[in-house]
Every structure is written in structure tokens, then in C-alpha cells.
Amino acid sequence: MRLALTLFSSLAFLAPTAGCGDEPVKDNAPSHAAAARESGKAENFALRRVASGLVRPTYVGVAPGDRDGVHVLEQPGRLVRVGQGGRVKTLLDLRGEVITGAEQGLLGLAFHPEFARNRRVYLHWTDRRGDTRVAEFTLDTGKRRALLFVDQPEENHNGGQLAFGPDGRLYLGLGDGGGAFDPHRNAQDIDDLLGKLISADVDGKDEPIWQVALYGLRNPWRFSFDAGLNDVWIGDVGQDGVEEVNRVALEADEPPKNLGWPAYEGSRRLKGKSLDASGELVFPAAVYTHKEGCSITGGVVYRGTEIPELAGRYVYGDFCTGALWSLRPKPGRGADDVRRERARQPQLTHIGVDARGELLMAAANGDIVRGVRP
Ligand SMILES: [Ca+2]
């Protein structure tokens, strides 16, 4: 059964459901292939800076139909377009409504698939009270439609990414509500939007209804769809030891799948954390430890043409060390051939693509860079 929650639900007030106590439940974890780990080095791409001086950018991408500029989110609350010659134009300014913290601010942007015609964008931010907001804006007119409010119990783990799926629905990644080891027990609570990938149809006549698409997430800062394979790739930021790359096949007729947190960090069972067994348990496709980084920035499967060596490989990195990796999706599920790339991008916050599928990256130091052949 899929869960429907109307917008503006103040989810912190929902009563706890049965099965969320301290007693570990039998989880019937299926045997699973070990997550892939770094198996060597590579120099499949290099990075070239295309803009600098932005204010803590959290997103870079291109608008459908826009051939010569990139759009950037600045964490304190501006949506800007960087055009030819580096000229910056402010398109929306929410600085008066946004709070900025380590994990708070203007965090996510999605263009409507028909943006070239309707000029609609979707933004995700942390409001002045520290709670989550999503709204639709029509550029030029400034018209706004509120789509989601979620009460946030802590400052950290707010998720971030917004994206349209291959099914035309708007998806949002939300963290577990914060603290350490999910103290509010949200991620395995199927009746709560925190610790989930959620989606809504924003094109209907009625108010959008958000549904849980995946659960058991800690802090899915960045995710992306590989529409060719109907997969979603999620970088789930780890607790004390393990950063996860998750690859999940989207199957609308299946119950939401379970990414494990906080019953599992990586593939390790954490004591005393119960598991909602309603959905198939999905273990990470790849992991790295805190010897190599401390906060994963999930990326994209490269479908561009400029860098043939990267064709079909998933590119991701780490915010803390600037390390970048690429890996090969295995047929069906999982991954192998994890390569540490020679290129590094300190303070990496976002990996996106331009209209041709070429790599774009944003960094909190103010840089926007492009992936090129080495
Ligand atoms: Ca997990």
C-alpha cells in the first residue's frame, strides 16, 4: 500500500505507529552482493572553471531551451542565471525567507519539463523557522504556489534535491530530521515524510498529494534519475563510518523500497534499530569510508558525448575531501569498477548536466566547473 499525505501535514504531530519500539524486529534481510569499493585510479575527465564568485552555490544546471547560460542556486536564497561572459542576473530572491546554516538554505531546484513554455520552476528551502518548504514559481510574473511544508525537528539532515522523474512526477529527497542515528525514528516510519524520497503530481488540478517513493534514508542530499534504465541513484550521507551510493529500480507497482537507515549503515546492522519490513531492502551499490571523505555528493550517470571514457558511468564525489569517483553500473542492479578520478573538486555540492548531458559541478567556495576531456 502506498501512503498518501496531504500537503501542509505537520508530521511531527503524527502519533507513533506500532512496530517502532526499541525491540529489533526480524528483518529477513535477503542475501546481497557486497557493495563495490574503490578498485583503482583513473583520469577519465578533467575540470574547467566556468564561473566563480557565487555565494555558496548548491545547484547548477541548465533550463530547458536555454542554450548559452547556466542557472545556479545560492544557499542564502537567490536563483541566478550566469550568462555569456559570466554576467550574473538574479531571477528570484528569497533571502528574506531563507535561513542559512551548514545544511540549511536554498537547497534544491527543478525546472518543469515544459519550462520553455510555462516558465515554471520548483524550489526547496529552509524557512526562517528551520522548516522545509517547497513551492512552484512562475518566472517573470513571480507567481507562487506553495506545495509542501514539513516541520523539521533539528537543524541538520534536510535533504535537498528536487527533480522530475521519468514518470513526470516531482521528487524530493528529505533527511531523517536530524540528530545522530535518527533519534526521532523517522526513516523507518512509513507514516512520516522524513528520511524518504517522496513524489507528487504537480500538474493536476487538485492540490498535490505527496507519496513515499523510498524509505530508510539518512540524508539524501543529492539524487538523480537515469531515465534510460528507470533507475534512481542516491548519495546517502553517512553517520560515523560509511558513505553510500544507492541504485534503485523504480517500480511504481511495488511497495516503496527500504534503503535501510538507521537499521543499517552501509551493510552493517546497527543494534537496537527496528526495521519496517514492508518494502524490499536495498543495500548500497557502492560505499566509501571516512578515511576517504565524510559527506557524499551524489551525482549523475554520464550520457554526454564529449568524454567517451565516461560513457554510461556514474560520477560522484565527496564534499569534505573533494574526491571524485566514477563507477560502472552492472546489468540489472549494483555497480563495479569504482575508480578514483584524478580530478578533485573541493567543497563539491552538486553534480548536474547541461543540455547535451555534459557535466557541470557547483562548489560552496563559489566555483562552477565543467567536465572536459583530460
Ligand atoms: Ca542505506
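For ligands, and for the atoms within them, numbers begin at 1 and follow the listed sequence. In this chain, numbering begins with 1 at the start of the sequence shown.
- Here the straight-line distance linking atom CD of Gln104 with atom OG1 of Thr132 works out to 9.0 Å at 0.5 Å rounding.
- A donor atom on one side chain and an acceptor atom on the other are not found under 3.5 Å apart for Gln75 and Thr100.
- Not counting sequence neighbours, the partners of Tyr288 by the ring-ring contact (aromatic ring centres under 6.0 Å, His included) test are Trp325.
- Only protein N, O or S atoms were considered, and those under 3.0 Å from the Ca ion (ligand 1) are Glu244 OE1, Glu244 OE2, Leu259 O.
- Applying the ring pair (Phe, Tyr, Trp, His ring centres under 6.0 Å) test to pairs two or more places apart or on separate chains, those with a residue in residues 332-358 are Tyr59-His350.
- Applying the salt bridge (Lys or Arg N to Asp or Glu O under 4.0 Å) rule to pairs touching residues 232-250 yields Asp231-Arg247, sequence neighbours excluded.
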request  = Begin with the C-alpha distance, continue with both residues' side-chain angles, and end with the deciding distance and a verdict on side chain to side chain donor-acceptor pair (under 3.5 Å) for Asp189 and His184.
outcome  = CA-CA 10 Å; Asp189 179 354; His184 304 281; over 6 Å; no

